[in-house]
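See below for the structure under consideration.
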Protein chains: 2
Amino acid sequence: MNTETNLEHELDAAANWCLQRGEKLTDLRREVLSLLLAHDGSIKAYELLAELQKRKPTAAPPTVYRALDFLLNVGLAHKLGSLNAFVACRELDHTHHHGLMLICDRCRGVHELSDESWAERLAEDAARLGFRLSQQDIEIKGICANCQQVEQAGEA
Amino acid sequence: MNTETNLEHELDAAANWCLQRGEKLTDLRREVLSLLLAHDGSIKAYELLAELQKRKPTAAPPTVYRALDFLLNVGLAHKLGSLNAFVACRELDHTHHHGLMLICDRCRGVHELSDESWAERLAEDAARLGFRLSQQDIEIKGICANCQQVEQAGEA
DNA sequence: TTTCTATTGTTATATTATAACAAAACATTT
DNA sequence: AAATGTTTTGTTATAATATAACAATAGAAA
Ligand SMILES: [Zn+2]
Ligand SMILES: [Zn+2]
Ligand SMILES: [Zn+2]
Ligand SMILES: [Zn+2]
């Protein structure tokens with residue numbers, strides 16, 4: 001199965017995901033999600049806009065922000081507040097409330113950890129302060145394995 | 001001990017904290033930190049600028065952003081990426097690497113949890129993926145105890 | 001068809017943050 | 001003190017991120 005086929009497969013799955021929630025993955029939204037998925041790490045809204053404009057010259061900021069809002073709300077993408085960047089969700093299977101997003105300082109890559117035990121422990125600790133968690137991703141920053149290797153190679 | 005005296009006390013402690021690190025808490029930086037401390041929840045850069053301009057009409061965006069950068073670097077303040085907002089650190093005693101910042105969706109208030117065990121467990125889980133954490137605050141969103149009460153009162 | 005709603009197009013503007021360079025303050029050496 | 005170098009602050013302009021507001025279009029329901 002090549003990349004393109006796989007991408008279409010993911011997009012179809014996403015469309016289905018939307019339908020199950022009574023929402024529609026329109027052509028535009030599908031296009032934006034496609035660009036997000038095609039991107040390895042996270043991507044910024046205006047980078048996404050530039051990409052989108054290659055195929056759709058009429059696109060303007062609201063075009064991409066509206067599509068992103070939709071994708072965020074339906075759970076097909078995540079916003080990384082600390083980077084002002086966006087990333088496709090690749091773990092639709094798990095309902096990953098409170099997923100841990102490990103964000104690389106160097107390459108802006110994201111590793112998503114859907115570990116339920118974190119959600120529970122966090123919720124417990126917060127509850128002790130009377131704090132009720134909203135569904136929310138947790139962003140943790142550092143340097144990914146790959147970038148660490150590059151770093152070491154550079155030092156050699 | 002009244003509020004004002006207490007604030008001056010905190011500012012003096014902050015000045016000392018800086019000196020120990022070979023940095024200086026200048027008048028301007030002290031003023032900005034003072035405004036941060038006087039604020040209960042988190043505050044946005046341009047709100048801070050407006051406050052600052054009451055006493056220092058010459059202040060411009062770089063004035064406040066430079067002061068904030070300094071405070072962030074020396075550990076006297078935190079940036080909340082998900083809100084584009086800033087908050088004074090009130091736990092200088094602990095070296096709270098990876099402090100948990102519980103951010104209220106409603107009031108923008110912040111409860112800072114300096115729990116070392118979280119730092120360790122997070123680091124372990126991340127290390128399993130080859131991910132090395134950088135010193136970083138972890139932002140968790142929800143609704144604080146106070147705002148929950150207000151909410152219930154409204155429903156009654 | 002008619003009507004209503006959701007989506008997209010379009011223009012303008014708000015919000016957040018930094019670049020670049022000049023001036024002033026401060027410290028160090030002579 | 002004078003001269004020099006460094007850090008901090010002032011100032012203007014602009015970059016980067018995001019939304020408001022309203023018109024046009026497309027889709028669904030009546
Ligand atoms: Zn996800
Ligand atoms: Zn990386
Ligand atoms: Zn702190
Ligand atoms: Zn609150």
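Every chain is numbered from 1, with letters handed out A, B, ... down the list of sequences.
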*Between atom CG of Leu133(B) and atom CD1 of Ile138(B), what is the distance when rounded to the nearest 0.5 Å?*
7.0 Å
*Would you find a donor on one side and an acceptor on the other, under 3.5 Å apart, between the side chain of Gln53(A) and the backbone of Ala59(A)?*
yes
*Measure from the side-chain N and O atoms of Arg29(B) to the backbone N and O of Leu71(B), and report whether any donor-acceptor pair falls under 3.5 Å.*
no
Who passes side chain to side chain contact (heavy atoms under 4.5 Å, CB included) against [X], sequence neighbours left out?
X         : value
Gln148(A) : Ile143(A), Arg132(B)
Asp40(A)  : none
Arg30(A)  : Glu8(A), Leu11(A), Asp12(A), Ala15(A), Leu25(A)

*Can you find a heavy atom in the side chain of Val110(B) that is under 4.5 Å from one in the side chain of His78(B)?*
no
*Mark up nucleotides 24-30 of chain D, 5' to 3', with B wherever a protein heavy atom is under 4.0 angstrom from a base atom, S wherever such an atom reaches only the sugar-phosphate, and - elsewhere.*
-------
_Let's see if you get this right: which residues in residues 30-42 of chain A place a heavy atom under 4.0 Å from DNA chain C?_
none
*Does OP1 or OP2 of dT17(D) have a side-chain N or O of Asn84(B) closer than 4.0 Å?*
no
Whole angstrom is fine here: how far is it from [atom1] in [X] over to [atom2] in [N]?
X        : N       : atom1 : atom2 : value
Glu47(A) : dA18(D) : CD    : C1'   : 15 Å
Glu23(B) : dT6(D)  : CD    : P     : 16 Å
Ile43(A) : dA16(D) : CD1   : C1'   : 15 Å

*Which residues pass the salt bridge (Lys or Arg N to Asp or Glu O under 4.0 Å) test with Arg106(B), sequence neighbours left out?*
Glu151(B)
*Kindly indicate, with the supporting measurements, whether the criterion side-chain contact (heavy atoms from CB on, under 4.5 Å) is fulfilled by Ile140(B) and Leu113(B).*
CA-CA 11 Å; Ile140(B) 298 173; Leu113(B) 260 181; over 6 Å; no
*Those residues that, when tested against Asn84(A), pass side chain to side chain donor-acceptor pair (under 3.5 Å) (two or more places apart)*: none
*Can you name the side chain to side chain donor-acceptor pair (under 3.5 Å) partners of Ser82(A), sequence neighbours left out?*
Glu139(A)
*Of all of residues 50-73 of chain B, which get a heavy atom below 4.0 angstrom from DNA chain D, listed by number?*
Lys56(B), Thr58(B), Ala60(B), Pro62(B), Thr63(B), Arg66(B)
*Under 4.0 Å from any heavy atom of chain B: name the first and the last nucleotide of DNA chain C that qualifies, 5' to 3'.*
dT16(C) to dA20(C)
*Of all pairs that satisfy side chain to side chain donor-acceptor pair (under 3.5 Å), the ones with a partner from residues 55-69 of chain B, not counting sequence neighbours*: Glu31(B)-Arg55(B)
What side-chain donor-acceptor pairs closer than 3.5 Å can you find for residues 43-52 of chain B, not counting sequence neighbours?
{"from": "Lys44(B)", "atom 1": "NZ", "to": "Leu83(B)", "atom 2": "O", "distance (Å)": "3.2"}
{"from": "Glu47(B)", "atom 1": "OE1", "to": "Lys44(B)", "atom 2": "N", "distance (Å)": "3.1"}
{"from": "Glu47(B)", "atom 1": "OE1", "to": "Arg108(B)", "atom 2": "NH2", "distance (Å)": "2.7"}
{"from": "Glu47(B)", "atom 1": "OE2", "to": "Arg108(B)", "atom 2": "NH2", "distance (Å)": "3.3"}
{"from": "Glu51(B)", "atom 1": "OE2", "to": "Lys54(B)", "atom 2": "NZ", "distance (Å)": "3.4"}

